[in-house]
Amino acid sequence: MTADFNYTDALRRVSEEYLARNPRSMETSDRASAVLPGGTTRTTTFFAPFPPVLVAGQGSEIVDVDGNRRVDYLNNYTSLILGHAHPDVLERAMSVAGRGTAFSSPTEQEVLLAEVLVERVASVDQVRFTNSGTEATMAAMRLARAFTGRPVVARFEGAYHGTHDYTATPGAGIPDLIGDLMVTLPWNDIAGCEQRMAEVAGSLAAVIIEPVLGAGGVIAADHEFLAYLRESTSRMGALLIFDEIVTLRLHTGGAQAISGIRPDLTTFGKIIGGGFPIGGFGGREDVMALLHPTRGTIQWGGTFNGNPVSAAAGIETLEALTAPVIDELNRSGEELTERLDKALQSSGLPAGATGMGSLFNIHATGEEVTDHQAVRRADPELTELLHLGLMNRGYFLAPRGMGCLSTAMTSEQLDGLVDAVEDLVNSL
Ligand SMILES: Cc1ncc(COP(=O)(O)O)c(C=O)c1O
């Protein structure tokens with residue numbers, strides 16, 4: 001099969017099978033469309049014709065309204081690292097919830113979760129909690145701007161830091177003025193970054209980076225690249241922010257512990273809430289001091305910030321994630337990525353897989369994927385075909401091909417995904 005193979009017929013067949021397998025999801029999605037634009041509250045997770053409507057999740061499996069069971073390789077976009085409804089996490093969350101779910105004063109749960117993060121993540125002296133990762137990156141940017149007295153924040157091509165104005169791609173509803181305060185840098189390209197950053201050096205407040213580009217294709221930053229960003233931001237008087245909302249799953253101390261690079265600020269989310277809504281940001285004490293309620297200059301509130309139920313679930317989750325548990329999950333993930341890459345490459349289709357530790361991404365391109373531009377050149381029809389084909393075979397991944405492991409997965413389920421990919425590509 002060649003790169004210009006036409007996938008349209010195959011995609012039609014796979015879509016028809018998807019529709020036939022999901023009649024009640026279709027019905028519910030139609031109903032939802034009357035009250036939710038496009039039938040969803042998350043543009044970022046929607047895919048055509050409609051995502052399955054889920055009713056239950058247990059361990060590594062999810063069940064939809066049609067009774068389809070699928071292995072969940074998405075885990076609410078990497079947040080459920082112990083799988084769904086983990087009994088210890090639920091027990092701790094429920095025992096806290098039974099004593100009240102929200103208060104207008106601090107609770108011990110947020111202190112305990114902050115202590116765990118400060119103990120684990122070497123660059124973090126203090127933290128603040130939010131309700132989402134979006135709020136965490138928004139707050140970290142405001143903090144960097146206040147600390148440096150400068151307006152511009154640099155981010156990377158293909159990066160995802162949430163949906164607030166300062167991270168979204170400039171477009172509808174985002175004034176050009178805001179775009180002027182953002183600079184986009186090329187991934188893993190020291191010379192390209194040096195040039196772009198020099199243009200804004202005097203006004204650069206921070207560089208924000210996911211140590212492994214997540215939504216942009218699961219592509220790890222080179223060690224020398226991170227070292228360069230550390231050196232150049234310090235030289236320019238700007239802060240370095242690591243967005244570890246996804247990558248905290250890769251090491252007890254976050255991806256920064258793997259690279260040995262110490263950012264000034266770090267953002268958190270996903271796994272630190274054990275499946276409940278949360279976000280957080282933390283870092284150097286002198287920077288975080290700006291948030292001090294009486295001596296600081298930044299006001300940052302939130303009715304549900306540091307929610308005790310989310311914090312309790314997060315503490316239980318992080319306690320279960322010892323170094324050996326994470327190492328084993330990463331080892332399984334890397335083996336899976338290698339097997340997926342081999343199965344796809346040997347199929348003759350223009351496809352392969354990238355990954356790091358327990359994160360992976362299937363790409364519908366024959367190119368070596370080293371930056372987001374290669375991801376954008378992937379074949380959209382083949383991407384959709386692989387996604388829906390795997391959904392029909394009982395494997396739930398992101399429409400763009402991203403997946404991750406949870407500790408609830410069995411070796412049969414890991415083998416199963418490789419078998420399903422082989423079966424799917426053979427059927428083409
Ligand atoms: C790296 C990264 N940063 C920030 C966010 C935003 O987090 P949330 O969806 O909790 O707002 C995400 C979400 O996927 C993410 O992957």
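Here the structure is a predicted model, which means the values were calculated and not measured. Positions are given from 1, in the same order as the sequence printed here. Every number for a ligand or one of its atoms is a count from 1 in the order of the listing. Basis for what follows: all heavy atoms, side chains included, without hydrogens, waters or symmetry-related copies.
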What residues, two or more places apart in sequence or in another chain, satisfy ring-ring contact (aromatic ring centres under 6.0 Å, His included) together with Tyr395?
none
Of all residues at least two apart in sequence or in a different chain, which pass the ring-ring contact (aromatic ring centres under 6.0 Å, His included) check with Phe47?
His387
To the nearest 0.5 Å, what is the distance between CD (Glu384) and OH (Tyr18)?
11.0 Å
Using the ring of Tyr166 (Phe, Tyr or Trp, six-membered ring only), decide whether Arg142 places NZ or CZ under 6.0 Å from its centre and within 45 degrees of its axis.
no
Nearest-0.5 Å distance that lies between atom CG in Asn392 and atom CG in Asn22:
7.5 Å
Holding to ring-ring contact (aromatic ring centres under 6.0 Å, His included), I want the full list of residues that pass it with Phe225, two or more places apart in sequence or in another chain.
Phe156
Write out each pair where an N or O from ligand 1 and one from the protein are under 3.5 Å apart, with the distance.
residue, atom, partner, partner atom, Å
ligand 1, 3 (N), Tyr160, O, 3.4
ligand 1, 3 (N), Asp243, OD1, 3.4
ligand 1, 3 (N), Asp243, OD2, 2.7
ligand 1, 10 (O), Gly133, N, 2.8
ligand 1, 11 (O), Gly133, N, 3.4
ligand 1, 11 (O), Thr134, N, 2.8
ligand 1, 11 (O), Thr134, OG1, 2.6
ligand 1, 14 (O), Lys270, NZ, 2.6

